[in-house]
Structures are given as structure tokens and as C-alpha cells.
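Here is the naming used below: chain letters follow the sequence lines, and residue numbers restart at 1 for every chain. Side chains are part of it too, since the values below use all heavy atoms of this structure and drop only hydrogens, waters and symmetry mates.
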There are 2 protein chains.
Amino acid sequence: MPMNAALGDLPTTATHAHTGAWVASVLRSRIAEGRLVPGTKLSEQSLSATLGVSRNTLREAFTVLDGELIVTRIPNRGVFVASPGPDEIREIYNVRRILEPAAALWGPGPDIAELRSVVAEARGALARGSVPDMAAANQRFHEALILGTGSTGLLEMMSRVLAQMRLVFHAMSNAPDFHSHYVELNAELLELLAAGQRAEAAERLRSYLDVAESELLAQFTGAAPAPARASNRTPRIHSRRDC
Amino acid sequence: MPMNAALGDLPTTATHAHTGAWVASVLRSRIAEGRLVPGTKLSEQSLSATLGVSRNTLREAFTVLDGELIVTRIPNRGVFVASPGPDEIREIYNVRRILEPAAALWGPGPDIAELRSVVAEARGALARGSVPDMAAANQRFHEALILGTGSTGLLEMMSRVLAQMRLVFHAMSNAPDFHSHYVELNAELLELLAAGQRAEAAERLRSYLDVAESELLAQFTGAAPAPARASNRTPRIHSRRDC
DNA sequence: CGCCACAAGATTGTTGAACAATCTGAAGAC
DNA sequence: GTCTTCAGATTGTTCAACAATCTTGTGGCG
């Protein structure tokens, strides 16, 4: 398993305060880019050597990424790049079905100019057939929607959810194109929002998300490879302070 | 500052896997109870001795709590119990104004029986004049609302926001009673939800939250004590790997 | 042949000590 | 009174070690 090779070159001139946060950002990037595939085990020994940090610092980064659900920690077994299954997909869409329509309906209003630019970029990506660029534009579209709420916390949550979406797509790289459908749907949504038809936009979003969830779940269960998780033995919980 | 005394006795027979998570839960509880006041500095040396864990493990717990915004980490200065100001209050209500009405409008529906029981408890607490019990019931009411979305992630976010609300109240312990107003408002809301009038409930929630935010902000700026933050010098960011 | 127990070996969980970098606070200079 | 400087304290990070747990391969046994 070429896990270390997947890390590639590191930014050697980075300036940062907390090394732990820096390590977390490096791993976050590599996972987002798909260079670390879902299910990959992140070994402490090998990673700390590769990144040039101590195991303790690496573990601090793991704690951060675990909090972001980008990584799954199994006690005494290690940490793995999260590999979302059907349950996680349903959870993702439960969140989006609440957040996005609410932002459309009640938010101070998204930045229409920004949305137009994102839609234009998505169309360009569609024209030249670049799926990654289409995916990126799609993500920015939905982030811009939440940005309209003015809440950094909600934006952070949306980003987290979109990061998990990336993991879902990376786990199904064999699947057919998913994004091209949504370029024009986003464009329609934009027009509704620009026209101030918020209730209509919210309703459209909800059905849009319902459809997307169904398609994704169908594709997932259809092309579900063997869940390459390690073993299934439940690890013991050890006791402490039980003198 | 009797920081250590505020910790009180520790559960000495706890059984747990990750010591870091256990430490985080202990600190979370102490902060929620108000035994650790907003602004308190959490010294690594003193805390690690008190809790009987190493500094490394304690720092892992700090990373978790920092991610939950319960604690504020300032590089090279230490970690402090978060002390939310006006900006944080506005952020809290930005989140709640999206999450709660959306849950009422679109969620599969909250557990009406649970809500009734919570309202009953709130009335009991009001009758016997117990502000802490009223606060607890209020929090459970709004959590139950979000629970209706079926999303654990949204519930977690709501819990995080409510934890910050507790910090706000702890920082304004001198303020008059805030919760008694809302006992009956929650009851009205419950009736709307039980009657299936979701749109009405969502609208009511939004104005309800607007009013609550205004009251809280007014009270806050009025009785704002000197922000007991340490000094204001901005800490330097040190560089790395700049060979 | 399949299955269970069992003993290495490897990996994670936690600790303690050490050192560098930075901040804090107080003494002293102007 | 304000600024500089210096010692002391605190945080950031690393290293090495050990305990606890998991993994793997081996051999025995039905």
C-alpha cells in the first residue's frame, strides 16, 4: 500500500503556530484531493516519520480530524480515512435538507454575483468535460448558499458535510458522472433566488436534495464493494482508576 | 483563583477507553455546571496534576474542547474557558434562527410526548422558583426540537450552541431571570406543533429567537464588566521548515 | 480439514522528562 | 511616567520508554 507516496511533497516553507494544526491541514488536503483513499489506515509510526513530526503531535492532528469526521478512530486499532456508507450518506442529506433550504428561505440572502460566477464556472467545466472542476464549482455553490446566513458555524458545518461528500465520491470513483445533471439545476436555483422567490427556491432545493440522495444511495448499494474494514471484533474498553 | 477547588471530586471509578476523551468530558461537565467560570485560565501544569494525567493527554483534551468552542486557545498563552461576547451571541442566534425553525417546518416531527414532559417540568421548576432547573428544561426543549430532524450532526451542533449559551448565562449571573418568560412561550410552541401548524410554529420561533437575542444583547452590553482578558499583545507566529 | 488456544511481534495509549520558544512581571534606566 | 531588560514561568514539541491491546502465525486437537 503506497500510503506514504500518496502524501507527495510537503510544503517545506510553511509558517504556522501549532504544528498539530499544520499536520491536520496537510492530511485534510491530501484526503480532499483523493490521494488518501477512504479506508486507508494512517499508521502513527510511518506518518510521523514521513511528516517529520513526533507521534504526539501527529496524534493531536488525529484528534482534530476525528472531530471533523474526516477520519475514524478505533481504539487500539488506529485511525482510518473515513469511508462513508449508506448511513453516513443519509446523515449528510439530513443535514443538507435542513441547512440549505433554511438558508435560502430565511438567510439575509446569498451573494448573487458570487453564485452567478460559480454557475458560469460550472458550465465551463461541463463544456470542457472536467468532472473535478464541476465538483469543485458545485461545492462552492452550496457553500455560497450557506454563507448567506452570516453564520461561520453553519458554514463550517456545511464544509464538513461537503468534505464527507468528497469522500463518498472518492469511494465510488467508478460511478458515472453525477455532477453534470446538477449544473443546470443550480442555475435554475440561482434564477429563483435572484428573483427573490425564496419559498419556491427552498422547495426546489428540498426535492433536489431528495433526488440526489436517492441517486447516490442507489449507486452506492449497487456498486458497493466489500467494505474493506479490518476485522469486526469489538475492541475492549479498559478500565482506569479502579483501585 | 481557586481553579482547582472548582474541579471538586473526580469520578475515581470511571471506565473509559481514551483518557483524553475522559478528561475532556470532566472539563466539559465542570464548565457546564459553572464551576469553571468563563475566562478562567486552564493551566497545563496545575490541571494535569489535579486530574492525574500527563500534560500530553491533557493537551489532547484541550484540542477536543477547542474544537467544540467551549475553550479558547491562544498560542503560547494558554487555554481559557470561553467567554462569549456580543459577537458570539449574535452567532449563536444566527445558528438557532436557521436550525430551529427549519426543524419545526421540515423535520419528520419532534417527539410531542417528550416536549410535553419537558414543558411540564419547566412549569414545575418555575413554580418552585428554580432557575437552574428552568434553564435545563429550556435546553432540553430546544434539543428535542432538533432531535426531530433525525440528524445527529445537527443535534450535536445544537448542543454545542446551547453549551455556549450556558457560558453566556454564567458570565451574567447577576442578570435578572431570563428563563421564566420562555416557559409559556415554549408551551405555545408545543401546542402549535402538536396541532401540526408547522409554518406558524416556524414563524413564531423566528420572532421568539429575535426577541431573545435582543434581550440578551441589551442585558449584556448594559451589565458588561471589564472584559477580563489577559493582555492584548498579539502573539507572534513562529516559522518552521524555513531552512 | 477445520477450529481453537496460544505465544511472539507489531501497534496504539499514556507517561515522564527534557529542551526551545514565547510570554509575564518586576526591577532598573532615562 | 514610560521604556528597556532580564529572570522566571508557561507553553510547544520532541524523544524514549512502558503498558495494554490487537494481529498474525503456529501448532495441537477433534
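For B:K41 and D:dA9, the NZ to P distance is 13 Å, given to the nearest whole Å. Atom CD in B:E60 sits about 15 Å away from atom C1' in D:dT13, given to the nearest Å. Distance CD (A:Q45) to P (C:dG9): 16 Å, rounded to an integer number of Å. B:E44 has its CD atom 14 Å from the P atom of C:dT15, to the nearest Å. The interatomic distance linking B:I74 (CD1) with D:dG12 (P) rounds to 11 Å, in whole Å. Protein atom CZ of B:F80 is 11 Å distant from nucleotide atom C1' of C:dC23, rounded to whole Å. Here the C1' atom of nucleotide D:dT13 and the CZ atom of B:F62 are 16 Å apart, to the nearest Å.
Closest contact between the side chain of B:N76 and the listed nucleotides C:dT11, D:dT13, D:dG12 involves D:dG12. Set against C:dG16, D:dT23, C:dT11, the side chain of B:S54 has C:dG16 as its closest nucleotide. The side chain of A:T57 lies closest to D:dT14, out of C:dG13, C:dT15, D:dT14. Side chain of B:N56, nearest nucleotide from C:dG13, D:dC22, D:dT13: D:dT13. Considering only the side chain of B:R59, D:dT13 comes nearest among D:dT13, C:dT14, D:dT23.
Side chain to side chain, B:R59 and B:N56 fail the donor-acceptor criterion of an N or O pair below 3.5 Å.
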_Stepwise side-chain hydrogen bond (donor to acceptor under 3.5 Å, both in side chains) check, A:T63 with A:R73_ = CA-CA 9 Å; A:T63 302; A:R73 200 169 211 165; 3.2 Å; yes

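Ion pairing between a basic and an acidic side chain is recognised when a charged N comes within 4.0 Å of a carboxylate O; B:E121 and B:R140 show such pairing. Classification of B:R160 and B:E68 as a salt-bridged pair fails, no side-chain N sitting under 4.0 Å from a carboxylate O.
For B:R55 against D:dG12, a side-chain-to-base donor-acceptor contact under 3.5 Å is present.
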